[in-house]
There are 4 protein chains.
Amino acid sequence: MTKPPDVTRRSERSRRAILDSALDLVTAVGYGKVTIEAIAARAGVGKQTIYRWWPSKGAVVFDAFLALNEGDTGLALPDSGDLDADLRALLKATFDDLVDPRFEPTYRALHAEIQHNAALATDLVERLLGPLLRSTEDRLRSAQRAGQLAPDVDLRVAVELLYGPVFHRWLLRTGPLTSEYADTVVALVLRALRP
Amino acid sequence: MTKPPDVTRRSERSRRAILDSALDLVTAVGYGKVTIEAIAARAGVGKQTIYRWWPSKGAVVFDAFLALNEGDTGLALPDSGDLDADLRALLKATFDDLVDPRFEPTYRALHAEIQHNAALATDLVERLLGPLLRSTEDRLRSAQRAGQLAPDVDLRVAVELLYGPVFHRWLLRTGPLTSEYADTVVALVLRALRP
Amino acid sequence: MTKPPDVTRRSERSRRAILDSALDLVTAVGYGKVTIEAIAARAGVGKQTIYRWWPSKGAVVFDAFLALNEGDTGLALPDSGDLDADLRALLKATFDDLVDPRFEPTYRALHAEIQHNAALATDLVERLLGPLLRSTEDRLRSAQRAGQLAPDVDLRVAVELLYGPVFHRWLLRTGPLTSEYADTVVALVLRALRP
Amino acid sequence: MTKPPDVTRRSERSRRAILDSALDLVTAVGYGKVTIEAIAARAGVGKQTIYRWWPSKGAVVFDAFLALNEGDTGLALPDSGDLDADLRALLKATFDDLVDPRFEPTYRALHAEIQHNAALATDLVERLLGPLLRSTEDRLRSAQRAGQLAPDVDLRVAVELLYGPVFHRWLLRTGPLTSEYADTVVALVLRALRP
DNA sequence: TAGTAACCGAGACGGTACGTCTCGTCTTTAC
DNA sequence: GTAAAGACGAGACGTACCGTCTCGGTTACTA
């Protein structure tokens, strides 16, 4: 049986160098053209050191992406009292991220990756998307408590009703992600959710 | 300038063999492990014959998938008069397809592929998803004319409101695609669309 | 049983175009890089037209070479009475041909080819080298009759004694083919052959 | 700039396997039909391992051939005192090698190869033929010192006078390499070289 | 003069091998 | 004693040609 590496001995310097190189390369040449060899070379690290700690290229890049956002103190939960405005802001913030040319290729690559890598999917949904979805749900809950939403609405479904159309457009490229689109979606969804 | 191959001389026998082999292999070993070499070998065909007519593995597999559905006479547009029931039927038919173990891996693979292949994305949306989305839109239009939906609703957005949550769940694996889920989504969406 | 092509119907225009193209290509890119496809394309000819009339690339190129020399009325047999001078002239004429930059690569290619193509070897020795070797032998015979050479010398061996060292140098690149070299070889050989 | 491979890390086991396989294949199917793919497969080696260390098929086969003869302690310089007999022995030993059915096809292939590969030509002449030519020259030098040869004869030319006719016959297939032929050539050459 | 046999240009076909690339593992060197 | 450096076995990539096999379309003999 193969022994797992001793995590206490892990070189923090190498870890950082690998994540930084992964990110640099992914933005420079695109996810598809990044290779583990290239990451190792740029990080000044043996390939084995990558294979020892990550199971796949996707996992390295994903970790690199997470590390990028890890400074964020989490989404400032917007609660201006105006539910409509708050939701529109959340949606717009979401697709500002999705179409940011610095991130879009990698977001797409990660979404491609999770189609045949369920473990990565869980991680991505939990740790990258999670904060967004959770704070949206929180906002809806506070509205529900305030009697602005029907009391029997399943909030997890409500969140999907908001983000589903956005991701649908973005993943299938069936249309542009404009401000008006956010307005339209939010307006319709609120009609669905109100008491 | 490179000359395109003379399509009139194309061997139908080889075309069929290639598509069949592609499909067999994709279901047998999964899209990611299928190679053009293997498709050619199994089809009893030179690799060049594949490269002559398709630009990528994704294109071959996609064509194979299309050919599979090509016998379908198109969706029987369901119009029982009961809008609610019709939409639930459409949604359930959709995820019956999505979770069919014979097709799911390949659907996922195609969705992964289109993230870095825009041409394929257009094709997929147009030719595989298109019929479904169009007939859904047609059904909504007939309901709108009958005064069951608000007259100012943008039907393309309405369609996304229906399918978005479904694809969101399926692509991000955030929850199961159950019958109840379809009911919930349709109920909410109809509340949004009613006059 | 496969029928041989009907030589009477052969297209002279195609034959010429093929030989010309073969020669052009061989001097342009070198024998090794010439392909039958390229010859056919440049000649504006179907590949089958080449395969119908020649068994191999070597055969085409050889024919092209022969056609080039076919205008030559044959070697003017040098018989000035001065055997020494005549032989030196023959040797020098030989390596003028061998090192002519227009022909050397193809001569070398043909010599390479005959190492695994005995039929071509016979043709080459008979039709390209033959005239030279025969006229040299003739010159030696006349000298032998005149008593300048030992009467028991086998003239075929004598010819090889003259040309062998030259080809040895040329084929194995063991040294330069200079005028002095011809002088030295002829002088030594004549010492061997004199009565 | 591409870095050359680190020769100190080279796998001796792979090197041997490649050379052995090359030799086996060349004798089994003939040089022309040997491919690098086949050598790699038979050696249980990745193709890259061949491409890393050799520039061409010819180079591999040549190395394989050299390795074969590498146990030889070099030609036992024959110096029986009888120059005539010694030279005849050398010539006969030479064409015993040339016409040995195990080696002839490969010798021919190598001679073909060097026609368009000057680097290989140098290697072949230096390392395969070299020992033979040098020991022949040594034998002639000792004879010259003993006054059996004219003191002004250029011994390199003398060596070519001996081997040139032999290679001429062999390469151009203009006649058989018999014992009598060796006798005749040696006799004539000695007449040329004697004081 | 109609029919027909053959060559012709063109080029698709099943194949083989090329030389390059990347993978994930194994081995050696140096700190 | 750990990791960098990097050679290794494996095998897919896309390309180039191979030699064979239709295709229609001209010729040029035969009935």
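Naming convention: chains lettered A, B, ... in sequence-line order (proteins, then strands); numbering from 1 in each chain.
- D/T8 comes within contact range of no nucleotide atom at all, as no heavy-atom separation falls under 4.0 Å.
- Between the side chain of C/R42 and the main chain of C/A17, no donor-acceptor pair closer than 3.5 Å is present.
- The number of heavy-atom neighbours closer than 6.0 Å to CZ of C/R13, taken from other residues, nucleotides and ligands shown, is 12 or below.
- Mapping D/A40 and A/G44 onto DNA chain F by nearest heavy atom places A/G44 at the nucleotide closer to the 5' end.
- Between the CD1 atom of D/I18 and the C1' atom of F/dA7 there is a distance of 12 Å, rounded to whole Å.
- Between D/R15 atom CZ and F/dG9 atom P the separation is 14 Å, expressed in whole Å.
- A donor and an acceptor atom never sit less than 3.5 Å apart when one is taken from the side chain of B/K47 and the other from the base of E/dG15.
- With DNA chain E read from its 5' end, the first of the two nearest nucleotides for D/K57 and B/R13 is the one closest to B/R13.
- Looking only at distances, a side-chain donor or acceptor of D/K57 sits under 3.5 Å from a matching main-chain atom of D/Y31.
- Proximity of C/S14 to the phosphate of E/dC7: no side-chain N or O atom is located under 4.0 Å from OP1 or OP2.
- At distances below 3.5 Å, not a single donor-acceptor pair connects side-chain atoms of D/R127 with backbone N or O atoms of D/T122.
- Side-chain N/O atoms of B/W53 include one lying less than 4.0 angstrom from OP1 or OP2 on E/dC13.
- Separating the CD1 atom of A/I39 from the P atom of E/dG24 is a distance of 11 Å, rounded to the nearest angstrom.
- In this structure, C/Y51 atom OH and F/dC17 atom P are separated by 12 Å, rounded to whole Å.
- One can place CZ of C/R16 at 15 Å from P of E/dC8, the figure rounded to the nearest angstrom.
- On a pure distance criterion of 3.5 Å, no polar donor-acceptor pair joins the side chain of C/R9 and the base of F/dA28.
- Checking the phosphate oxygens (OP1, OP2) of F/dA16, no side-chain nitrogen or oxygen of C/T35 falls inside 4.0 Å.
- Here the C1' atom of nucleotide F/dC13 and the CD1 atom of B/I50 are 13 Å apart, to the nearest Å.
- Within a 6.0 Å radius of CZ in C/R10, more than 12 heavy atoms belonging to other residues, nucleotides or ligands are found.
- Base engagement by D/R52 is indicated by at least one non-hydrogen atom pair under 4.0 Å involving a base atom.
- Distance, B/K33 NZ to E/dG24 C1': 14 Å, rounded to whole Å.
- Under 3.5 Å, the side chain of C/Q48 and the base of E/dC8 form no donor-acceptor pair of N or O atoms.
- Counting only heavy atoms from C-beta on, D/E37 has its side chain closest to E/dA17 among F/dT15, E/dA17, E/dT25.
- In this structure, C/S11 does not reach the E/dC7 phosphate: none of its side-chain N or O atoms is under 4.0 Å from OP1 or OP2.
- The interatomic distance linking C/D6 (CG) with E/dT4 (C1') rounds to 14 Å, in whole Å.
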